[in-house]
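These notes are about the structure you will find just below.
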Amino acid sequence: MDSKYQPQLVEEKNYQEWEEKGFFEAKISNKKPFSIILPPPNANADLHLGHAMYVVEDVMIRYHKLLRDEVLWLPGADHAGFETQFVFEKYLKSQGKSRFDFNRETLYQMIWNFVMDNRQNMEDQLRRLGFALDWQKKKFTMDKDIIKIVYDTFKKLYDQGLIYRAKKLVNYCTFCGTSFSDLEVVYKERKDPLFYMKYGPFTLATTRPETKFGDTGVAVNPKDKRYKKWVGQEVEIEGLIGKFKVRVVADESVDPKFGTGVVKVTPAHDFSDFETGQRHNLPMKQIIGYDGKLNKLTGPYQGLYVNEARKKVVEDLKAKGLMIKIKEDYKHRVGTCYKCGRIIEPLPKEQWFIKVRPLADSAKKLVEKEEIKIYPKRFKKILIWWLDNFRDWNISRQIVWGIRIPAYFCQSKEKWFIAVEPPVQCNICGKKDFIQDEDTFDTWFSSAQWPFATLMTVGKNNFFNYFYPTSVMETGYDILPWWVARMIMIGYYTTKKVPFKTVFLHGLVRDRSGKKMSKSKGNVINPMDMVDKYGADALRLSLIFGTKEGNDLPFFENKVIGMRNFVNKVWNIGRFIFINRQVKSEKLKVKSYNSKLKIIKDLNKEFKEEKKKYLKMMDGYRFSQALGLIYEFLWHRFADYYIEQLKGEVINGNIEALESLKEVYLENLKMLHPFAPFVTEAGWKVFNKENSSILLERLKG
RNA sequence: GGAUCGUUAGCUCAGCGGUAGAGCACUUCAUUCACAUUGAAGGGGUCGUAGGUUCAAAUCCUACACGAUCCACCA
């Protein structure tokens, strides 16, 4: 036994042993099932500290293994459609290429290979963190059987009228070349000029004068006396490419106090105007293309990017005397692409939408009735807020990397049909002139099905029934609306059961000063570096020790060092007991001993209390507190007090004392094992046979 | 505009109704005896402010201040 605990000597070896002996494998048994589906990391990059937070799941998993439940922790990888394509395009760019240099099939294949390499790497990193994942059952969001299920769900939703195709305004990033759902838009405050321009008989304020070419109406508030006489009339507007006529409509959404109380309505390029247009039957006139440039309807402005066009329009309006005044530095919020940061252009586009309301309403009931429990409690309110506020979900993405939408367009009847298997002939007209939608699904559409899709495609028939609903969904609170809410909606819709009984949310790992870690800030800490330097246990403990469930946690190397020291302490406590037992090995044959000394009684009593508290905390998801309890007990009570007090006795050959210490120590190893699997396993093996494992022990009873 | 979190020792944070805690940092001492990735002792806080509830409040309630985060179609 070395005087220092050396993680490098045990981690890889023990993990291999666990995996090879099948300790992580779940099967159907008569035991109580406990299951967690690992949130599948994106198979496009190294793990970051956020992924290391899944250690919370390993804590639950190993704890339940020690309670001797039938435990499943199912790993997977996410193809992460748009995210991955974005990463890959960056790589292409570094090679002096772009996605436009390849055809669809080639690009897809290249990304496939890229993802497979990264996936292997990512999985190895999960192993290095010590995660007790059932690798035999690993799934990928693009496995054929998963795609089949995703297609089934799509078809069922379509057949039941919950998916529709419509030309609506969508959030479109002209740089990334795809539309997004509402959640992928990040609203940022910025200062722009507010232009007051002459508009027929009115003056109105706008931040986007270049959209004037797409105006098809003018709106005022119905109660606004100033403009009452115009309502319903057609007015002639002096434009930059000639005069045009628009109808004046009265709409509640217009705030009479803002600007002049008059709004130009551009239904094709503004969400609010789109709705106004719908209410008053105003036509849509698209003047901006998907390339971000003005189109031919704008005459001489055609081909200009929106920004350039705005400058030119402003100059020309001034020249024509149509610009009345400009208020600089007007503060407002603009939607930007969450990925590239550029301004999102609302554009009309035909896409597939999920009618979310019915799904969200039933999901809300489940959460309210606590058929799904949320920890920490405060997130229940937030989840319900989201379920109340979801709008229809655009699931079409104009990217190559993803699950191709199984929708086909019949050219002769001009209708769409859905087919789970690639159709041989058109389902509508029976001929062969149909084409498949070019688009792929929003990744979250497949992710939303992950709990049931995985369990339906691993193991034998009853596997699903045995482990579903899963016990806990554990993930970061930042993806509550993206993922958790949608899993509840789609999971319940498909299986008529909740996908998980409990949601447990952890906080975000931040840097020492509480800032978000990001490459651009240069404050990123690589979890694998921490494992290399201090061992996986130290890293794991540092992510749990002293953190409050659901709160963000600052992370810094000193914290890991502190935990490394604790791990070493745990090791050396064992070493002390071990060495003394070797010395006294003849006497140990005397099996019976009783705890006559008062201090031994005190020790046993204190340990009993510790364990009772520990079990309560673990069952109540208070992992940080449970760990704090063991830390305090093992170090400051057991080592600093009891061992010191009993040292003399032990050295004088008091077998009772020595064996009492051993018993309490080994029990504490079990209790610590969920948090620090490696050092506890190593310690266990010292006192037991080399091929024994702490994972096979029982914590209760 | 709505919502959530935070404000406790120099730093980072636990505690959340009953004599102020941890880690790191700091001071002094110890050290062939499991561990210097150690031990012992110590300094350091009127627990953001103001009210309220209670025998008792860092802990519950109500305001307010400051900080952070999420959400919202002011053209």
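Just so it is clear: chains get the letters A, B, ... in the order the sequence lines come, proteins before strands, and each one is counted from 1.
The interatomic distance linking A/Arg510 (CZ) with B/C5 (C1') rounds to 11 Å, in whole Å. Computed from coordinates, the A/Asn558 CG to B/C13 P distance equals 14 Å when rounded to whole Å. Rounded to whole Å, atom P of B/C11 lies 16 Å from atom CG of A/Asp511. If you take NZ of A/Lys168 and C1' of B/C73, they are 14 Å apart, rounded to a whole angstrom. Taking atom CZ on A/Phe390 and atom C1' on B/C71, their separation rounds to 12 Å, with Å as the unit. Nucleotide B/C5 holds its P atom 14 Å from the CG atom of A/Leu480, rounded to whole Å. One interatomic measurement links the two molecules: CD1 of A/Ile384 to P of B/G2, which rounds to 20 Å at whole-angstrom precision. Regarding A/Arg378, its CZ atom lies at a distance of 6 Å from the C1' atom of B/C5, rounded to whole Å.
A tilted orientation is assigned to the rings of A/Tyr5 and A/Trp571, their planes being inclined by 30° to 60°. Under the 30°/60° scheme for interplanar angles, the aromatic rings of A/Phe244 and A/Tyr199 are found to stand perpendicular. Classified by interplanar angle (parallel below 30°, tilted 30° to 60°, perpendicular above 60°), the ring pair A/Phe390/A/Trp386 is tilted.
Of the two residues near RNA chain B, A/Val186 and A/Phe379, the one whose nearest nucleotide lies more 5' is A/Phe379. Nearer the 5' end of RNA chain B, as judged by each residue's closest nucleotide, is the contact made by A/Glu189, out of A/Lys257 and A/Glu189.
Here, B/G45 and B/U53 have their C1' atoms 26 Å apart, quoted to the whole Å. Between B/A68 and B/U28, the distance separating the two C1' atoms is 40 Å to the nearest Å. With both ends at atom C1', the span from B/C66 to B/A30 equals 46 Å, rounded to whole Å. A gap of 11 Å separates the C1' atoms of B/C16 and B/C47, to the nearest Å. One P atom belongs to B/G23, the other to B/G39, and the distance between them is 10 Å to the nearest Å. Look at the C1' atom in both B/U12 and B/U49: the space between them is 24 Å, to the nearest Å. When the C1' atom is used for both B/A20 and B/G44, the distance is 13 Å, rounded to whole Å. Taking atom P on both B/G18 and B/C61, the two are 15 Å apart, rounded to the nearest angstrom.
Contacts of A/Trp393 classified as ring pair (Phe, Tyr, Trp, His ring centres under 6.0 Å), with partners at least two apart in sequence or in another chain: none.
A salt bridge links A/Arg581 with A/Glu659: the distance from a Lys NZ or Arg NE/NH1/NH2 to an Asp or Glu carboxylate oxygen falls below 4.0 Å. Salt bridge annotation for A/Lys647-A/Glu644: present, with a cationic side-chain nitrogen under 4.0 angstrom from a carboxylate oxygen. Look at A/Asp224 and A/Lys228 and you find no salt bridge, because none of the NZ, NE, NH1 or NH2 atoms lies under 4.0 Å from a carboxylate O. Looking at A/Glu275 and A/Arg391, a side-chain N of the basic residue comes within less than 4.0 Å of a carboxylate O on the acidic one, giving a salt bridge. By the 4.0 Å N-to-carboxylate-O rule, A/Glu557 lies close enough to A/Lys533 to be salt-bridged with it. Electrostatic pairing of A/Glu609 and A/Lys612 does not count as a salt bridge here, judged by no charged N lying under 4.0 Å from a carboxylate O. Using a cutoff of 4.0 Å between basic side-chain nitrogens and carboxylate oxygens, A/Asp392 and A/Lys355 are not scored as salt-bridged.
In this model, a side-chain donor or acceptor of A/Arg564 finds a partner on the base of B/U37 within 3.5 Å.
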Within the sub-3.5 Å range, which N or O atoms of nucleotides 32-35 of chain B have a protein N or O partner, and how far apart are they?
residue	atom	partner	partner atom	Å
B/A34	O3'	A/Arg575	NH1	3.2
B/A34	O2'	A/Asn572	OD1	2.5
B/A34	O2'	A/Arg575	NH1	2.9
B/A34	N7	A/Lys647	NZ	3.3
B/A34	N6	A/Glu644	OE2	3.1
B/A34	N3	A/Asn572	O	2.9
B/C35	O4'	A/Asn572	OD1	3.0
B/C35	O4'	A/Asn572	ND2	3.4
B/C35	O2'	A/Asn568	OD1	3.1
B/C35	O2	A/Lys569	NZ	2.8
B/C35	N3	A/Lys569	NZ	2.7

Can you give me every donor-acceptor pair (side chain of residues 326-338 of chain A, partner residue at least two apart or in another chain, under 3.5 Å) with its distance?
residue	atom	partner	partner atom	Å
A/His332	NE2	A/Asp192	OD2	2.7
A/Thr336	OG1	A/Val186	O	2.7
A/Tyr338	OH	A/Glu83	OE2	2.8

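Here the two rings, on A/Tyr614 and A/Phe607, have centers that are 6.0 Å apart or farther.
Listed by residue number, the members of residues 615-637 of chain A with any heavy atom below 4.0 angstrom from RNA chain B are A/Arg622, A/Gln625, A/Tyr631, A/Trp635, A/His636. Listed in residue order, the members of residues 674-682 of chain A having a heavy atom less than 4.0 Å from RNA chain B come to none.
For the atom pair CD (A/Glu11) and CD (A/Gln8), the distance works out to 7.5 Å, reported to the nearest 0.5 Å.
Residue A/Asn389 is out of contact with every strand shown, counting any heavy-atom pair closer than 4.0 Å. Within 4.0 Å of A/Trp386, counting heavy atoms only, lie sugar-phosphate atoms of the nucleic acid but no base atom. Among the protein residues, A/Arg208 comes within range of no part of the nucleic acid, since none of its heavy atoms lies under 4.0 Å from any strand. Residue contacts for A/Tyr534: at a heavy-atom cut-off of 4.0 Å it reaches no nucleic acid atom on any strand shown. Nucleic acid contact for A/Val254: base, since at least one base atom lies under 4.0 Å from a heavy atom of the residue. No contact: A/Gly562 has no heavy atom under 4.0 Å from any strand.
Neither side chain, A/Glu345 nor A/His269, offers a donor N or O lying under 3.5 Å from an acceptor on the other. Checking A/Thr266 against A/Lys264 by side-chain atom types alone, a donor-acceptor pair falls below 3.5 Å.
Residue A/Arg391 places at least one side-chain N or O under 4.0 Å from the OP1 or OP2 atom of B/C73. The phosphate of B/U4 has OP1 or OP2 within less than 4.0 Å of a side-chain N or O from A/Lys381. For A/Lys548 and B/C16, the shortest distance from a side-chain N or O to OP1 or OP2 is not below 4.0 Å.
In RNA chain B, runs of at least 3 stacked Watson-Crick or G-U pairs (N1-N3 plus N6-O4 or O6-N4, or N1-O2 plus O6-N3, all under 3.5 Å) give these stems: B:1-7 with B:65-71, B:10-13 with B:21-24, B:26-30 with B:38-42, B:48-52 with B:60-64.
Side chain of A/Asp511 to backbone of A/Gly514: a donor-acceptor contact under 3.5 angstrom is found.
Closest approach to the A/Phe545 side chain among B/U38, B/U12, B/A22 is made by B/A22 (side chain taken as heavy atoms from C-beta onward).
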